[in-house]
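One structure is given below, encoded as structure tokens.
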There are 2 protein chains.
Amino acid sequence: MVDGVRTPVAQRTVEQIKAMISDGEVGPGQRLPTERELSTRLGVSRGSVREAIRSLTTLGVLEARHGAGVYVTALRPADLLEAFSVLAEVSRDETLLEVLQVRRMIEPAATAIAAARAAPEDLERIGALLDRMEDGAAPREPAEHGAADLGFHQAIVACAGNATLSAVHAGLSSRTFNERVWAGHDEAGFTAALHEDHRRIHEALLARDPEAARAAAAAHVLRVERWLGAQTRPGPDPAERERPR
Amino acid sequence: MVDGVRTPVAQRTVEQIKAMISDGEVGPGQRLPTERELSTRLGVSRGSVREAIRSLTTLGVLEARHGAGVYVTALRPADLLEAFSVLAEVSRDETLLEVLQVRRMIEPAATAIAAARAAPEDLERIGALLDRMEDGAAPREPAEHGAADLGFHQAIVACAGNATLSAVHAGLSSRTFNERVWAGHDEAGFTAALHEDHRRIHEALLARDPEAARAAAAAHVLRVERWLGAQTRPGPDPAERERPR
DNA sequence: CATGCAAAAGTGGTCGGACCACTTGGCCTG
DNA sequence: CAGGCCAAGTGGTCCGACCACTTTTGCATG
């Protein structure tokens, strides 16, 4: 008879562990039974238990500590951010345009809230990031520049006080993409324009002006969006796409 | 001396496989080398390779077919949506408020775009969903009602033509949460208010009026947000949440 | 008695091999 | 030629052993 659907053991084990969590048998921060104990208790091999744990670890639900046991995370959205960040990592150009469009929806709103809520020390730290990115020891390295840019925006979003928002935004912000943007600063004045955008955003934050902050953030994302669109569309030479190594 | 951090083998294997993808050695839809071959080629045990594959499978990057090989997915954002949906599955109430705040950022914008881009047949289908949710055979079941509500909003977001946006929105929309909302319709006229919100959104779409659509969607999310806030706040007992130890 | 450090117990991490379940494709039979 | 069967290849599961790390224990030392 039917029913015949044989559920893979590892996947079923994932469900059972998730059930243990949602049933409250183990709560956030608490420790899971031993791999070996789960193995006998669920009647599956230890390897399958490990694969199940690996799966939930990847999702940010569990955390394994070598020597100590396996623990349930706090289950905060930030814990599940890691999984989402893979998106921007393997995305193609068309996808990046979509990603930027979403960022253009959330980042202005987040910046507006930040303008109203940010603590003075937050504003100071953001200003410091800005100085470091713009001033003196401005590194030629696009990598470092991109990382600083990323930190700047994430710090602002963090001021909105919404961890879920921060997690989503982080997933939509790719370090590698930022590096690409800052690497393509041959364009006339593009880097300078980005810096001015940043300054304008910072000033709006200092002025506690949500609407100005919203507008500045929207203009900034839109600038990057249009730049990427210009980069992608005319792309006449897919030949150079390989790396010389 | 330093550097001393030894990277776990399985995790390093994950990186190597991801590198194979981003280097173009295997593209979307293509087949990965055998587990056994990867095992010898990367110099790690097959079990570790399996754990790495399991990890990437969980993220929606790979797909394993029993008997046939392991394949790279299309890498579309929708493929990586599954992982994100776990968030709404294990979230607490405070997190749900954060989630709604994010939805209030993206859903009005998405609805506005939909008003400008939606095809006539899309609008018709959305209208049909609306009728089914509101009219006659209105099921007492909160589950079915919540599912219809979910479908309504997702259909609208889909009209924006941004797959990444749809994936993010889906991750932020919990079926179980919607059921809770529709289950709590004892409140005076709350259900009716939600229906009127939906009608107003639909009318704005039909009128091809992006700003009206944006306002209607924002008002709708805000209504749910305030309802949840009222539900949650009076909650007086954080005592039950502690761990005994 | 207090202290510190070494040994031991416990746990996750890795490895290797074996076998099972499933898919695929080619061979054989009719 | 058509159809079904069989064998090779692949992922799925299991077992047992050992390694690396953490935590606890308990002994020796001051």
Side-chain angles (χ1 to χ4, degrees), chain A residues 1-18 20-21 25-26 29-73 79 82, chain B residues 1-18 20-21 25-26 28-73 79 243 245:
Chain A
M1 51 240 79
V2 251
D3 160 311
V5 269
R6 45 251 155 256
T7 324
V9 176
Q11 182 177 340
R12 179 160 30 110
T13 305
V14 170
E15 300 301 331
Q16 301 204 34
I17 294 180
K18 278 203 296 189
M20 287 176 61
I21 297 176
E25 186 174 336
V26 287
Q30 287 186 345
R31 180 181 153 178
L32 217 63
T34 308
E35 289 182 353
R36 294 168 174 84
E37 185 182 336
L38 280 174
S39 167
T40 65
R41 175 170 153 186
L42 300 179
V44 301
S45 89
R46 194 187 154 204
S48 299
V49 171
R50 278 192 59 77
E51 289 200 22
I53 291 177
R54 161 75 61 181
S55 189
L56 291 171
T57 297
T58 303
L59 290 177
V61 175
L62 297 180
E63 178 191 9
R65 304 179 196 165
H66 193 174
V70 178
Y71 291 78
V72 180
T73 68
D79 299 323
E82 198 106 4
Chain B
M1 43 159 272
V2 259
D3 155 321
V5 270
R6 24 186 129 266
T7 326
V9 176
Q11 183 177 341
R12 180 158 30 108
T13 305
V14 171
E15 300 300 330
Q16 300 203 32
I17 295 180
K18 279 203 295 189
M20 288 175 61
I21 297 176
E25 186 174 337
V26 285
Q30 288 186 343
R31 180 179 152 181
L32 217 63
T34 307
E35 289 181 354
R36 293 166 173 86
E37 185 182 335
L38 281 174
S39 168
T40 65
R41 174 170 153 185
L42 301 178
V44 300
S45 89
R46 193 186 153 205
S48 300
V49 171
R50 278 191 59 78
E51 289 200 22
I53 291 177
R54 161 75 60 180
S55 189
L56 291 172
T57 297
T58 303
L59 291 176
V61 175
L62 298 181
E63 178 192 9
R65 303 179 198 166
H66 193 175
V70 178
Y71 291 78
V72 181
T73 68
D79 298 324
R243 46 203 76 165
R245 264 205 67 80

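Below, all heavy atoms of this structure are taken into account, side chains as well, without hydrogens, waters or symmetry copies. Naming convention: chains lettered A, B, ... in sequence-line order (proteins, then strands); numbering from 1 in each chain.
- Contact check for B:L56 versus B:K18: side-chain heavy atoms found under the 4.5 Å cut-off.
- C:dT14 atom P lies 9 Å from atom CD of B:Q11, rounded to whole Å.
- Put simply, CD on A:E35 is 14 Å from P on D:dC14, counting in whole angstrom units.
- When every heavy atom of B:S55 is checked against every heavy atom of B:V14, the shortest pair comes out as CB-CG2, 4.1 Å.
- Distances shorter than 4.0 Å separate none of the side-chain N or O atoms of A:S48 from OP1 or OP2 on D:dG12.
- Taking the side-chain hydrogen bond (donor to acceptor under 3.5 Å, both in side chains) definition, one finds that B:R41 meets it with B:E25, sequence neighbours left out.
- Looking at A:S45, its side chain does come within 3.5 Å of a backbone N or O of A:G47 through a donor-acceptor pair.
- Summarising the geometry, the separation between CZ on A:R54 and P on C:dG13 is reported as 7 Å, rounded to the nearest angstrom.
- When rounded to the nearest whole Å, the span between CD of A:E51 and P of D:dC14 equals 10 Å.
- At a threshold of 4.5 Å between non-hydrogen side-chain atoms, the residues B:T57 and A:E51 do not count as touching.
- Here D:dT10 presents its P atom at 8 Å from CD of B:E37, a figure rounded to the nearest Å.
- In this structure, CG of B:L42 is placed 17 Å from C1' of C:dG16, rounded to the nearest angstrom.
- To the nearest angstrom, P of C:dG10 lies 12 Å from CZ of A:R31.
- Taking atom CG of A:L38 as the reference point, atom P of D:dC14 lies 14 Å away to the nearest angstrom.
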- Task: Take A:R54 and A:T58 through the test side chain to side chain contact (heavy atoms under 4.5 Å, CB included) and record every step on the way to the result.
- Result: CA-CA 6 Å; A:R54 161 75 61 181; A:T58 303; 4.1 Å; yes
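- Side-chain atoms of B:A64 lie closest to D:dG12 of the nucleotides D:dC14, C:dG12, D:dG12.
- Out of C:dT14, C:dG13, D:dT13, the shortest distance to the side chain of A:A10 is found at D:dT13.
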Once base and sugar-phosphate atoms are separated, protein heavy atoms under 4.0 Å mark nucleotides 15-25 of chain D, 5' to 3', with B, S and - as --BB-BBS---
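- Between B:L62 and B:T73 the shortest side-chain heavy-atom distance does not fall below 4.5 Å.
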